[in-house]
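All remarks here apply to the structure that follows.
If you read the sequence from its start, that first residue is 1, and numbering goes on from there. Read the numbers this way: they start at 1 and go in the same order the structure lists the ligands and their atoms.
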Amino acid sequence: MADATCSYCEGQAVYVREHEGVKFCSNCFREAIEEKFRKTVIRHKMLEYNDHIAVAVSGGKDSLTLLNLLVKLEGRFPRTKLTAVSVDEGIDGYRNEALDLARKACDRLGVRQLVVSYRELFGITTDEIAGMKLGQTPCSYCGVFRRKAINKAAMMVGATKIATAHNLDDEVQTILLNMLHGDPVRIVRSGPVLRDPRGKFLPRIKPLGEIPEKEIVLYAYLTGTEFQSITCPHGHEALRNDIRSFLNQMDLKHPGSKFTLQKSAERLRILLAAETPLADLRECEKCGDPTPHELCEACLMLGAIAA
Ligand code: SF4
Ligand code: ZN
Ligand code: ZN
C-alpha cells in the first residue's frame, strides 16, 4: 500500500477495496461491513416485524460473523427473535471443534441454540457415507441432508425464516456451477431471499450474500471471532474448487468481477422467473416433506444408500 492512510480518517489503512478504490483502517472497515450488512437486510426486506430467525451456525467464519452481525442488528428490529440452529453431520475431528465454537459464541451472545445430528435424523453420518464409496461425492449427500436438517431444526424451534451465511463468493460460484452443470434454471431458485409463493417452505435469507469472503475473514479477525480454520476432510468438490480459483484470478485482474456476475444473475433471475412456472408440490411418501416427486431428494438418497 503506497499511501497507507484510511480514505475516511487519519488512521493507518489495513485493507484496500480495489473495485471502489478506497482504503480502510480497521475501525472504518468494521463500520463499512456493518453498514453494508444493514443495507442488504433493509434493501431486500429480509427482516419483518415479529420474525423469528433460525440462524444456521456451523462454527465457521461466515456463520459466526452472520450471528454476530444479526445480534448487533437485533437492536434495530426489537421484535425480531434469533435462535441458532447447528447441524452435526458426524465428521470426526472436524465438526466437533466447530460445534464447540458455535456453542461458545451462542453462550457469549445470549442466543439459544438447537443442535440436530444426521445420526438422529437420518440414521447415518457423513463419515459413514464417505466410507461407502457411493457413486457421488460425500458432499452431494451431505449438502442435501444439511438443507433438510436445517429446515427441520427451524421448524422445531418455531422459526418464521432461515438465515444462512452464504457470502458473495459462494453465491457466484454456485451461479457458474449451475451454468456448467447445464442447469441455468436453478439460478431462479437462488438469490438473496428465497420465498416460496406456495408457502410450503420457510423463507431463506442470505444477509452476507453481497460481502466477499476475504472481507468476512478480515472482519472476523478484527472482531476477535474465534472460528474453525481446518477444512472438512471430505470436501473435494473439484469443479467448485476450480471455479473458486478462476473467480479469484478474475477478481485480482479485474476487480469487481464477482459483483458484476452477481448483478448479471439478478437480471437473469427476473427474466427466467417469468418463464419458469413453479412445480406443484405433494407430500413425500416417506417423510411427508413437500416435494414435486414421489420422494424428496433426501429420501431418494437414503433409499439409494440402503440399497
Ligand atoms: Fe459436508 Fe462436503 Fe461440507 Fe464436508 S465439505 S461438511 S462433506 S458438504
Ligand atoms: Zn478510518
Ligand atoms: Zn422425504
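- Here the closest non-hydrogen pair linking Ala98 and Gln228 is CB-OE1, 3.1 Å.
- Nearest heavy atom pair, residue Asp170 against residue Ala165, reads OD2-O, 4.2 Å.
- Screening the protein for N, O or S atoms under 2.8 Å from the Zn ion (ligand 3) yields 4; no waters enter the count.
- Between Lys36 and Glu210 there is no salt bridge, since none of the side-chain N atoms of the basic residue sits less than 4.0 Å from a carboxylate O of the acidic one.
- Contacts classified as salt bridge (charged side-chain N to carboxylate O under 4.0 Å, His left out) and involving residues 248-265 (residues at least two apart or in different chains) are given here: Asp169-Lys258.
- Few gaps surround CZ on Arg240; more than 12 heavy atoms of other groups in view lie less than 6.0 Å from it.
- Both Val157 and Val87 are members of a single hydrophobic cluster when ILVMFWY side chains are connected at heavy-atom separations under 4.5 Å.
- Tracing side-chain contacts under 4.5 Å through hydrophobic residues (I, L, V, M, F, W, Y), one never reaches Leu66 starting from Ile150; they form parts of separate clusters.
- Counting only distances under 2.8 Å, and ignoring water, the protein N, O or S atoms around atom 4 (Fe) of ligand 1 are Cys232 SG.
- Test His166, His44, Glu171 against Lys206 for side chain to side chain donor-acceptor pair (under 3.5 Å) and you get one pass: Glu171.
- Residue Arg146 approaches ligand 1 through these ligand atoms, each under 4.0 Å from one of its heavy atoms: 1 (Fe), 3 (Fe), 6 (S), 8 (S).
- Look at Glu35 and Arg30 and you find no salt bridge, because none of the NZ, NE, NH1 or NH2 atoms lies under 4.0 Å from a carboxylate O.
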Under 3.5 Å, which donor-acceptor pairs do the side chains of residues 282-292 form with other protein atoms, sequence neighbours left out?
from   : atom 1 : to     : atom 2 : distance (Å)
Asp289 : OD2    : Lys148 : NZ     : 2.8
Thr291 : OG1    : His293 : N      : 3.1
Thr291 : OG1    : Leu295 : O      : 3.4

